[in-house]
Amino acid sequence: MKLQFFKYQGTGNDFVIIDNRQDIFPKNNTKLVAQLCDRRFGVGADGLILLENDKMSDFKMVYYNADGGESTMCGNGGRCLVAFAHFLGVIGNETTFVAVDGLHEATIEGDLVNLKMVDVDEIREKPAYAFLDTGSPHHVQLVEELQKFDVHKEGAKLRYGLYGKAGSNINFVEQEGSDAFQVRTYERGVEDETYSCGTGVTAVAIAMHKLGKTNSNTVKITTPGGDLSISFEQNNGHYTNIHLKGPAIQVYKGEIEC
Ligand SMILES: N[C@H](CCC[C@H](N)C(=O)O)C(=O)O
């Protein structure tokens, strides 16, 4: 089968995106998804995303990690899918779409996509880290000298050790300023460090506010793949109106025999 795909990246978190409104993609073929994401034998990506029709909203997002398994919400992937839907003319500059964690509103202006994330009501605080779910599960841990930190080794230890089979994404953080942080993320389902993780930087921004490391409701996060901005409201420990904003770029369009 000849398969047309588009390659997108959001601050270096990269995706194979397929217009599946005609329901042509073999969704249960885990091997095929993993092969398409393989950086040697396939296109290469952190994940694969399907754009599908939805009766109640503009479109539906289906997300798969590079290991081929369908997974929880992808913030950077959601931003890239909004850019793709705009490119196809499925939407204008505003949209509401459905993903595995519910409805998401988003706006697009040029290359910048502003995506509303799910509310966060529970943040588990431990002495050395915080754990919260921003559409995907995230461990958030402050470290010294982040640039020298062995993210892959330490991330895998926590992902398989502390979080067992279900796992979690692991974010290591260094404070840069009163409302600015650097983040590097070990991503579940990629089983490696990615250049950026959208639900991850969202988790970091909220955890840093909860821990009192910042008093600002708009936080700038620098990742190896670029900068993202997270804004939110907070009342009695409940975080709402959470927005993840950053670039989402179409890299190329391709065709693959599979
Ligand atoms: N690997 C994540 C999903 C993708 C998250 C990330 N790419 C993002 O931008 O949020 C998980 O299985 O929980």
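Start at 1 with the first residue, then count along the sequence. When a ligand or atom number is given, it counts from 1 through the structure's own listing order.
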**Report entry** For Glu145, salt bridge (charged side-chain N to carboxylate O under 4.0 Å, His left out) partners two or more places apart
**Finding:** Lys148
Requested in this report: Among all protein heavy atoms, pick out the one at the shortest distance from atom 4 (C) of ligand 1; state its residue, atom name and that distance to 0.1 Å.
Outcome: Glu187 OE1, 3.4 Å
Query raised in the report: Judged by non-hydrogen atoms, does Gly47 sit under 4.0 Å from ligand 1?
Result: no
Query - Polar side chain donor-acceptor pair, Glu193 to Tyr186, under 3.5 angstrom - result: no
Query - ligand 1 contact on Cys197 by region, counting heavy-atom pairs under 4.0 Å - result: both
Report task. Any atoms of ligand 1 less than 4.0 Å from a non-hydrogen atom of Tyr63? List them with their elements. Result -> 3 (C), 4 (C)
Query - Asp58 and Thr95: side chain donor to acceptor below 3.5 Å - result: yes
Report task. For atom 2 (C) of ligand 1, grab the closest protein heavy atom and report residue, atom and distance to one decimal in Å. Result -> Asn169 OD1, 3.4 Å
Report summary line: Closest heavy-atom pair, Pro247 versus Arg79, reported as atoms and distance to 0.1 Å, is O-NH1, 2.7 Å
Report task. Establish whether Leu132 and Val100 are linked, either directly or via other cluster members, by ILVMFWY side-chain heavy-atom contacts under 4.5 Å. Result -> yes
Report task. State whether the side chain of Asp67 and the backbone N or O of Gly69 hold a donor-acceptor pair below 3.5 Å, judged by distance alone. Result -> yes
Report task. Answer side chain, backbone, both or neither: which part of Asp46 comes under 4.0 Å from ligand 1, heavy atoms only. Result -> neither
**Report entry** Enumerated ligand 1 atoms positioned under 4.0 Å from heavy atoms of Asn65
**Finding:** 1 (N), 2 (C), 3 (C), 11 (C), 12 (O)
**Report entry** Asn13 touching ligand 1 at heavy-atom level, < 4.0 angstrom
**Finding:** yes
